[in-house]
K.L.:
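Dumping the structure here so I can ask a few things about it.
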Amino acid sequence: METKGERERQELKEGRCGYWLPMKNRYCRVVPDFEGEKYCTNHSQQLQGKRINCPLDPTHFVLESDLEKHITIKCPLLVHLKELEASGYYRKDINAISPQMSQPKSDAKEPSVIPKTPLPQLQDLMARIRQKAQEFINDSIPEISYMEHPSLDHIEGSIKIKHRKQEVSISEHMRLLDLLHADNRFVEFGCGKAKLSNFLYQEMNGGKFVLIDKRQNFRSKVDGTFKHPEAFKRISIDIKDLYVPGIGDLTPVNSDTDTDTDMVCYSKHLCGGAADLTLRSLENCRVKAILIANCCHSACTLSSYIDPSYILQDLQFSPQDFEIMTSMCGWAVGSPTDDKVYKSKRPKVRKSKDGQPMPAIEPKGDGGDIGAGGISTSERREIGFLAKRLLDVGRMRYLRKKGMDAKLVYYVPRDVSPENCLLIAHWPSDASNRDSDKTEI
């Protein structure tokens, strides 16, 4: 017998969508957009015909009957591309150095090459990584430089504190370089929700910000909370297509010339090759300083790396070595601590229905500190860190070749973020009166 609640759910309420949902055994509760409409927008389209993935952008659907009109006029991706082409900062593949970078990438995660690599080959590469680390990293060991701020005392919640600590440390490193001035132009690459830029604006109570990210839509982005939205400009563009000098908002406040001398470029977490594309996009640009917290080194490719000669000639790694080494970078952040390994490898105690203990199930794997392939967890973590730092040192050396003072610092503890290495580059202090041609990277 039906209950009163079941009958009420199955009754079609006035002013609601009349589409029946068989899996929920009730009508849709959405209010139609227009008075007199029987169905909501979503279900009226379903009744009109078959919906398929858009061939230009598979993240949304389109009616099959409207496909031709959609892909020629209405597709949001197509509209966005036309807007970019009309702007002064879009130049397709301007920062791509190889045809591979120009090809669209699949969203599917690339499988690691490590499981397919013989153990002797892995061990040989690990030995060479250690050797090159002694040669290249020992002269550039990142210094520990954690920065604090009074605002941390008023933050509640572990996640918020972790993000705020990173924002604080980056802003305080900017303060040390005397960069926190409202007449500077701030460009955040891979801005995401733009919380770092919002924090910098509040610290200076002013400034002009350009927010750059490939994605167009972010949940909980802070753009709507800006007290002065005219101070921020968000650009949705792939960095490989970004022509930085074409961004008109980088012109200084008190200047009638088209220059970007006062540009400060930064990012809290710039994934993989995006960091290299950023550095390449700043070539021939006049910037004051660069602060980039690199992450996701396992996503780097030789075709996008800022200085392939450093990999092939200085480190003497082959393209295959580079691919394996970048996969090893994941060991630094993916390998559990020894304590976690110990806990995860303890046999599980089982009990029967009558409460009597049963034979323990031995965990899969070698147990102890031995990981997959016979390489210990501690060794994987060590090699992962060395591989990541070798890639960061290559970026630092590239900027030094351009005449900048560049260094690496650990800007937050590892328990705040395992990706805690910050690349800082600025022009030498004795070059304050440098010629204009020496301000370009």
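The shown structure was predicted, so the numbers you read here are calculated from the model rather than taken from an experiment. Because only heavy atoms are used, hydrogens play no part in the values below, and waters and symmetry mates are left out as well, while side chains stay in.
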K.L.:
The criterion is ring-ring contact (aromatic ring centres under 6.0 Å, His included); which residues satisfy it with Tyr89, sequence neighbours excluded?
P.N.:
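So Tyr89 forms no ring-ring contact (aromatic ring centres under 6.0 Å, His included) with any residue.
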K.L.:
The test is side chain to side chain contact (heavy atoms under 4.5 Å, CB included); show your working for Asp241 and Leu84 and say whether it passes.
P.N.:
CA-CA 10 Å; Asp241 302 323; Leu84 286 179; over 6 Å; no
K.L.:
Can you check whether Ile290 reaches Leu279 side chain to side chain, under 4.5 Å on heavy atoms?
P.N.:
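The answer is yes; the side chains approach within 4.5 Å.
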K.L.:
Pair Thr278, Ser267 - check side chain to side chain contact (heavy atoms under 4.5 Å, CB included), show working.
P.N.:
CA-CA 10 Å; Thr278 296; Ser267 179; over 6 Å; no
K.L.:
Given side chains that start at C-beta, do those of Leu291 and Leu179 come closer than 4.5 Å, heavy atoms only?
P.N.:
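Yes, at least one pair of side-chain atoms sits under 4.5 Å.
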K.L.:
Given side chains that start at C-beta, do those of Ser378 and Arg381 come closer than 4.5 Å, heavy atoms only?
P.N.:
yes
K.L.:
Can a salt bridge be assigned to the pair Asp238 and Lys214 using a cut-off of 4.0 Å between side-chain N and carboxylate O?
P.N.:
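A salt bridge is present here (some side-chain N lies under 4.0 Å from a carboxylate O).
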K.L.:
Over all heavy atoms of both residues, which pair between Gln166 and Tyr411 is shortest? Give the atoms and the distance, please.
P.N.:
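What the structure gives for the nearest pair is OE1-OH, 3.3 Å.
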K.L.:
When you check the side-chain N and O atoms of Asn420 and Ser417, is any donor under 3.5 Å from an acceptor?
P.N.:
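There is no such pair between these side chains.
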K.L.:
Does a side-chain heavy-atom distance below 4.5 Å link Arg395 with Leu399?
P.N.:
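Contact flag for Arg395/Leu399 side chains = no.
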K.L.:
Which pair of non-hydrogen atoms, one from Arg234 and one from Cys191, has the smallest distance, and what is that distance?
P.N.:
NH1-SG, 3.5 Å
K.L.:
Using a 4.5 Å cut-off on heavy atoms from C-beta on, say whether the side chain of Ile424 contacts that of Leu177.
P.N.:
yes
K.L.:
How close do Ser304 and Asp276 get, heavy atom to heavy atom, and via which atoms?
P.N.:
O-CB, 3.1 Å
K.L.:
Can you tell me if Glu203 and Ser171 form a side-chain donor-acceptor pair at under 3.5 Å?
P.N.:
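There is no such pair between these side chains.
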K.L.:
Return the CD1 to OG1 distance between Ile324 and Thr117, rounded to the nearest 0.5 Å.
P.N.:
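Here the rounded value is 4.0 Å.
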K.L.:
Carefully, step by step, assess Lys268 and Phe199 under the rule side chain to side chain contact (heavy atoms under 4.5 Å, CB included).
P.N.:
CA-CA 12 Å; Lys268 190 174 80 169; Phe199 179 78; over 6 Å; no
K.L.:
Taking atom CD of Gln121 as the centre, does the number of heavy atoms from other residues, nucleotides or ligands within less than 6.0 Å exceed 12?
P.N.:
yes
K.L.:
CE/Met263 to NZ/Lys288 distance, rounded to the nearest 0.5 angstrom?
P.N.:
11.5 Å
K.L.:
Out of Phe322, Tyr398, Phe317, Phe136, which one pairs with Tyr310 under the ring-ring contact (aromatic ring centres under 6.0 Å, His included) rule?
P.N.:
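Passing option: Phe136.
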K.L.:
Specify the closest pair of heavy atoms between Phe186 and His181, including all atoms of both residues, with the distance to one decimal.
P.N.:
CE1-O, 3.5 Å
K.L.:
Hey, could you give me each pair passing salt bridge (charged side-chain N to carboxylate O under 4.0 Å, His left out) that has a residue in residues 304-315? Not counting sequence neighbours.
P.N.:
Asp307-Lys401, Asp314-Arg397
K.L.:
Could Arg280 and Glu283 be called an ion pair, given the rule that one side-chain N must be under 4.0 Å from one carboxylate O?
P.N.:
no
K.L.:
Which atoms form the tightest heavy-atom contact between Val244 and Ser281, and what is the distance?
P.N.:
CG2-O, 3.6 Å
K.L.:
Taking 4.0 angstrom as the limit, do Lys82 and Glu85 come out as a salt bridge?
P.N.:
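Judged by the 4.0 Å cut-off on N to carboxylate O distance, Lys82 and Glu85 do not form a salt bridge.
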K.L.:
Evaluate the side chain to side chain contact (heavy atoms under 4.5 Å, CB included) criterion for residues Cys265 and Phe189: first the C-alpha distance (whole Å), next the side-chain angles of each, then the deciding distance (0.1 Å), finally the verdict.
P.N.:
CA-CA 7 Å; Cys265 304; Phe189 290 82; 3.9 Å; yes
K.L.:
Determine the interplanar angle of the Phe209 and Phe232 rings, folded into 0 to 90°, and report it as parallel if under 30°, tilted if 30 to 60°, perpendicular if over 60°.
P.N.:
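The arrangement is parallel - the two ring planes meet at less than 30°.
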K.L.:
State which residue, out of Arg389, Met328, Met325, fulfils the side chain to side chain contact (heavy atoms under 4.5 Å, CB included) condition with His297.
P.N.:
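Result: among Arg389, Met328, Met325, Arg389 is the only option passing the side chain to side chain contact (heavy atoms under 4.5 Å, CB included) with His297.
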K.L.:
With the side chain counted from C-beta on, respond yes when Pro308 and Ile311 share a heavy-atom pair under 4.5 Å apart, and no when they do not.
P.N.:
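With C-beta onward as the side chain, the pair stays apart.
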K.L.:
Heavy atoms only: give me the nearest Tyr305-Leu390 pair and the separation to one decimal.
P.N.:
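Result for this residue pair: OH-O, 4.2 Å.
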